[in-house]
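Everything on this sheet refers to the single structure shown next.
Because the structure is predicted, anything quoted here is derived from the model rather than measured. Counting convention: from 1, in listed order, for ligands and their atoms alike.
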Amino acid sequence: MPQSRLRLADEAVNGQIDLHCHSTASDGILSPEALVSRAKSAGVTLLALTDHDTVAGYAQARDAAEKAGIFLLPGIELTARWGRQVVHVVGLNVDPESAAIGGAIAERGRLRDARALEIAARLEKRGFSGAMAGARQHAGEGVIGRPHFARWLVEAGYLPDEAKAFKRYLGAGKTGDVSVDWPDMGTTVASIHAAGGAAVLAHPLKYGLTRMRLQSLLGEFQEAGGDAVEVVCGQQNPVQTREILALLERVSASRSGGRALRASLGSDFHQPDQPWRELGSVHLPADVEPVWALWRG
Ligand code: AMP
Ligand code: MN
Ligand code: MN
Ligand code: MN
């Protein structure tokens, strides 16, 4: 059985809350300690570290959070598949020691390593020699991902910035967009639950879906037992936030399966020079049921 979930005191939820960010354990630029210290400076009182497909940064972050006096939830952003669409499911307040989370991580580690070799082979064919070694160096001890290839392409002088690297070589439909049979969304929600956590559909507007498809995604996520949706992710205009809330209302009215989805939020912070996703810069509207209510009292 997973350990019981951490409970949250009043002080945890009375300041800035940020439930989605990355460290050097995956594709973030800051170490877990530096991340926590930056969160503290930004007035964050409740933080969840949600690295891609790993909890390796949690122990360091927890020690730093204890010293800084902020509440830290163990989290993870699991890569998953909804049909052919890749989706990200954040697990919050998971037991990082649980077999369920360990299994989910190990499976994705194998898939990521194999994908990295394929991405490197394709880049090599395009004349970018040394791609594997370069990306590995950027990943360090962390879980390897496309941003590490992007950073290497920039460092090697092939491209001016990471955004261009994605646009030309790594983004959807480009040579480095290797299709992977990630565990499906339902299995992923189940793994998070088996680890004692809450399953949150990450950044619903970032998948490039039509409103109809997005509504199906939200409905199926709810039926799969999903707990919450990121109603706010990064800097987001209020119209978008209302759109997501309207879709959630339609889903809870039309679907019988599952409980109504709660609201989560996070910056999706990766690095300091991106003010549009700075730690602690996100706010939920007042009239929603926040995911952290699950762990109060
Ligand atoms: P991966 O998990 O290895 O497939 O990489 C996905 C990560 O790449 C995301 O979490 C972002 O950090 C980053 N990313 C995705 N699309 C872009 C983009 N267009 N520009 C810059 N970074 C991106
Ligand atoms: Mn990322
Ligand atoms: Mn994501
Ligand atoms: Mn993320």
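For G171, the closest heavy-atom approach to ligand 1 does not fall below 4.0 Å. Not close to ligand 1: T79, with no non-hydrogen atom less than 4.0 angstrom away.
Only the side chain of H52 comes within 4.0 Å of ligand 1, counting heavy atoms alone; its backbone N, CA, C and O stay farther away.
Looking at V291 and L92, their side chains come closer than 4.5 Å, going by heavy atoms from C-beta outward. Residues E97 and Y58 fail the side-chain proximity criterion, which asks for heavy atoms closer than 4.5 Å. The closest side-chain heavy-atom distance from W152 to Q137 is not below 4.5 Å.
Of all atoms in ligand 1, listed by their number and element, those nearer than 4.0 Å to a heavy atom of H270 are 10 (O), 12 (O). For ligand 1 and R115, the ligand atoms under 4.0 Å from any heavy atom of the residue are 1 (P), 3 (O), 4 (O). Atoms of ligand 1 lying under 4.0 Å from any heavy atom of G145, numbered from 1 in the order shown and given with element: 3 (O).
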Practice problem: Take F128 and Y169 through the test ring pair (Phe, Tyr, Trp, His ring centres under 6.0 Å) and record every step on the way to the result. | Solution: CA-CA 11 Å; F128 300 113; Y169 299 106; 5.0 Å; yes
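For residue H52, no N/O/S atom approaches the Mn ion (ligand 4) to within less than 2.8 Å. Among the backbone and side-chain atoms of H20, none of the N, O or S atoms lies under 2.8 Å from the Mn ion (ligand 3). Contact annotation: C21 places no N, O or S atom under 2.8 Å from the Mn ion (ligand 4).
The N, O or S atom of H22 lying closest to the Mn ion (ligand 4) is NE2. Nearest N, O or S atom of D268 to the Mn ion (ligand 4): atom OD1. Closest to the Mn ion (ligand 3) among the N, O or S atoms of H203 is NE2.
With hydrogens left out, the protein atom closest to atom 2 (O) of ligand 1 is R112 NH2, 2.9 Å, a heavy atom. The protein heavy-atom contact nearest to atom 19 (N) of ligand 1 is F166 CB, 3.5 Å. In terms of protein heavy-atom proximity, atom 5 (O) of ligand 1 is closest to P147 CD, 3.5 Å. Nearest to atom 6 (C) of ligand 1 among the protein's heavy atoms is R146 NH2, 3.7 Å.
Note: angle at the Mn ion (ligand 3), from OE2 of E77 to ND1 of H88, is 80° (rounded to 10 degrees).
Side-chain contact of E230 with H203: a donor-acceptor pair under 3.5 Å is absent, judged by distance alone. Donor-acceptor pairing under 3.5 Å is recorded for the side chains of E77 and H22. For Q222 and R259, the side-chain atoms include no donor-acceptor pair closer than 3.5 Å. Side-chain atoms of D27 and H148 include no donor-acceptor pair closer than 3.5 Å. No hydrogens or angles considered: a donor-acceptor pair under 3.5 Å links the side chains of D184 and T187.
Between D53 and R112 there is a salt bridge, with a side-chain nitrogen of the basic residue lying less than 4.0 Å from a carboxylate oxygen of the acidic one. Contact check on E243 versus R211 returns a salt bridge, with a Lys/Arg side-chain nitrogen under 4.0 Å from an Asp/Glu carboxylate oxygen.
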